[in-house]
Amino acid sequence: MIPQVFLVAAAALYILHAPLINALSSSLQQVTGFTAGPTAAAMYVYIPTTKLTLAPIVLAIHYCGGNADYYFSGTQYAALADTYGYIVIYPSSAASGGCWDVASNATLTRNGGGDSETIINMVSYAVVNYGGDATKVYATGSSSGAMMTNVLAGAYPDVIKAGSAYSGVPDGCFYDPSAVAGTTTPFWNTACGIGTVVKNASEWASLVKSYYPGYSGSYPKMMLWHGTSDFYVFYANLAQELLQWSSVLNVSFSKNVTNTPTTNYTEMIYGDGTKLIGYSALNVGHPVPVHETVDLAWFGITTPVTASASTLTTTTTTTTATTTTTATTTTTTSIAATTTTTKVTATTTISTTTTSPTSSTSTLSKNTSTSASSIQIVTTLKTTTTGSQACSLLYAQCGGINWTGATCCTASTCTFYNSYYSQCV
Ligand SMILES: *[C@@H]1O[C@H](CO)[C@@H](O)[C@H](O)[C@H]1NC(C)=O
Ligand SMILES: *[C@@H]1O[C@H](CO)[C@@H](O)[C@H](O)[C@H]1NC(C)=O
Ligand SMILES: *[C@@H]1O[C@H](CO)[C@@H](O)[C@H](O)[C@H]1NC(C)=O
Ligand SMILES: *[C@@H]1O[C@H](CO)[C@@H](O)[C@H](O)[C@H]1NC(C)=O
Ligand SMILES: *[C@@H]1O[C@H](CO)[C@@H](O)[C@H](O)[C@H]1NC(C)=O
Ligand SMILES: *[C@@H]1O[C@H](CO)[C@@H](O)[C@H](O)[C@H]1NC(C)=O
Ligand SMILES: *[C@@H]1O[C@H](CO)[C@@H](O)[C@H](O)[C@H]1NC(C)=O
């Protein structure tokens with residue numbers, strides 16, 4: 001069932017490029033000057049007018065059937081870049097089905113000549129040409145882009161400082177000896193996709209380490225998301241990813257926190273929660289909606305560049321022995337989100353005391369009165385409206401247990417795969 005989902009060109013999806021993003025300071029640009037390869041993936045960037053002189057780089061990596069433009073439009077990383085001043089690189093797969101190669105030895109291995117190397121070369125380009133900060137490079141992606149996030153973390157742990165993978169598989173899980181880099185239809189590993197590739201923690205960790213032999217530095221902190229009702233890239237892959245990174249990062253399961261970051265999501269904390277976190281999303285399908293502000297907090301991107309409102313309070317306390325000056329700056333920034341129904345609020349509080357080192361705390365909260373923007377990626381891809389009738393687009397879901405979306409297809413046929421999943425093909 002899986003290959004049909006991803007391996008064929010998804011040109012029909014491209015017709016639905018709704019103008020979701022408004023009021024951005026800048027626009028998505030293709031970087032025609034990027035020719036390093038080694039594969040043909042294209043480089044797109046969003047560089048906000050608020051870009052920091054030395055700007056963090058966020059790699060935002062699309063799913064199968066997607067492209068740079070889709071991930072730009074369907075997520076809020078660009079809008080948030082306006083607030084935080086980082087650069088977003090949107091790599092765009094050259095494969096006909098829009099999947100990333102996460103199966104060839106070339107892409108899995110450091111400098112092996114595959115798509116992962118091309119993406120890392122995009123990072124180098126951004127460092128040289130756009131003032132990207134080589135010490136603050138982060139990767140995130142959905143589905144195939146989540147698989148690539150894991151691959152990048154394994155092969156380029158010295159480049160990627162943190163990752164957030166939505167509905168992916170462990171690094172190396174897709175490997176197949178027959179897979180070749182640069183093909184128009186990257187190898188799809190069905191056994192892995194349906195969650196039947198099972199290894200123990202040390203086996204998964206050895207695989208990661210084999211992709212960069214001799215490396216003894218640290219590996220990126222990882223955040224892994226998966227829906228329990230994922231029948232594309234099955235939920236069982238979350239447990240395997242957690243085994244992998246818990247071993248690589250040497251942290252063990254500590255505790256679950258329910259309903260975090262939102263209702264029905266369980267946060268699975270490993271160690272002290274600074275290196276590895278899983279999010280199990282109850283009854284959520286494929287892929288898990290992107291939680292941009294959670295990702296940015298994980299990456300350490302929490303300080304807005306500009307503020308729409310600020311207050312400064314200074315108090316001086318004098319005692320017989322010492323003088324303490326406390327300055328408290330509270331900055332609240334509200335960002336118009338990509339939909340009119342959602343608002344993201346970032347609050348940063350910085351407290352400075354002359355007698356102690358600067359401390360900074362930051363909290364990010366998404367207005368959860370609606371979750372329209374995070375669901376956008378799914379709904380906009382899967383349905384199109386013709387008059388009053390909405391049908392699913394090519395390769396989108398059109399049926400299955402508890403499926404509440406359209407059961408008709410645009411320019412394709414609703415095909416039964418299993419009781420949970422029918423797809424327009
Ligand atoms: C995988 O690629 C690396 C780098 O090109 C190479 O050294 C290694 O021999 C390859 N392994 C296999 C099994 O092909
Ligand atoms: C993991 O698998 C390897 C190879 O099959 C085996 O040697 C090892 O004992 C296993 N480790 C654990 C903790 O089960
Ligand atoms: C893993 O962590 C434990 C403590 O949690 C520590 O004792 C051990 O040395 C660590 N292992 C490595 C290889 O860093
Ligand atoms: C933690 O939550 C996950 C996901 O719901 C669940 O599979 C696991 O059993 C929980 N672990 C504990 C110890 O409660
Ligand atoms: C949480 O899960 C329950 C059980 O499936 C469901 O009834 C409820 O609607 C879900 N809540 C949200 C906010 O998704
Ligand atoms: C969340 O957004 C809704 C709709 O824009 C708004 O009515 C509500 O006041 C907001 N809540 C918070 C806590 O900002
Ligand atoms: C379908 O939805 C019902 C009601 O929310 C729930 O009880 C049931 O577990 C769901 N079935 C599946 C397979 O998710």
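Predicted, not measured: the structure shown is a model, and the values here were computed from it. Just follow the structure's listing: the first ligand is 1, and inside any ligand the first atom is 1. Sequence positions, counted from 1, serve as the residue numbers for this chain.
Side chains of Glu292 and Tyr77: no donor on one and acceptor on the other come within 3.5 Å. When only modelled atom types and interatomic distance are considered, Tyr279 and Thr260 share no side-chain donor-acceptor pair under 3.5 Å.
Checked by distance only, ligand 4 and Asn256 come closer than 3.5 Å through their nitrogen or oxygen atoms. Backbone and side-chain nitrogen or oxygen atoms of Asn264 are examined, and one is located within less than 3.5 angstrom of a nitrogen or oxygen of ligand 5.
Between Tyr215 and Tyr211, the gap from one ring centroid to the other reaches at least 6.0 Å.
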Worksheet item: Please walk me through it: do Trp245 and Tyr270 pass ring pair (Phe, Tyr, Trp, His ring centres under 6.0 Å)?
Response: CA-CA 10 Å; Trp245 293 110; Tyr270 284 70; over 10 Å; no
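Listed by number with element, the atoms of ligand 4 under 4.0 angstrom from any heavy atom of Ser280 are 4 (C), 5 (O). Near Thr266, meaning under 4.0 Å from one of its heavy atoms, ligand 4 places the atoms 2 (O).
Disulfide status for Cys391 with Cys408: present, SG atoms under 2.5 Å apart.
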Donor-acceptor pairs under 3.5 Å, side chain of residues 88-95 to any protein atom, not counting sequence neighbours: which ones?
from  : atom 1 : to    : atom 2 : distance (Å)
Ser92 : OG     : Ala68 : N      : 3.0
Ser93 : OG     : Ala95 : N      : 3.0
Ser93 : OG     : Cys99 : O      : 2.7

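For the side chain to side chain contact (heavy atoms under 4.5 Å, CB included) test with Trp204, the passing option among Ser246, Ser247, Cys173 is Cys173; the others fail.
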Could you pull out every N or O of ligand 2 that sits under 3.5 Å from a protein N or O, with the distance for each pair?
from     : atom 1 : to     : atom 2 : distance (Å)
ligand 2 : 2 (O)  : Asn200 : ND2    : 2.3
ligand 2 : 2 (O)  : Glu203 : OE2    : 3.4
ligand 2 : 5 (O)  : Glu203 : OE2    : 3.1
ligand 2 : 11 (N) : Asn200 : ND2    : 2.9
ligand 2 : 14 (O) : Asn200 : ND2    : 3.3

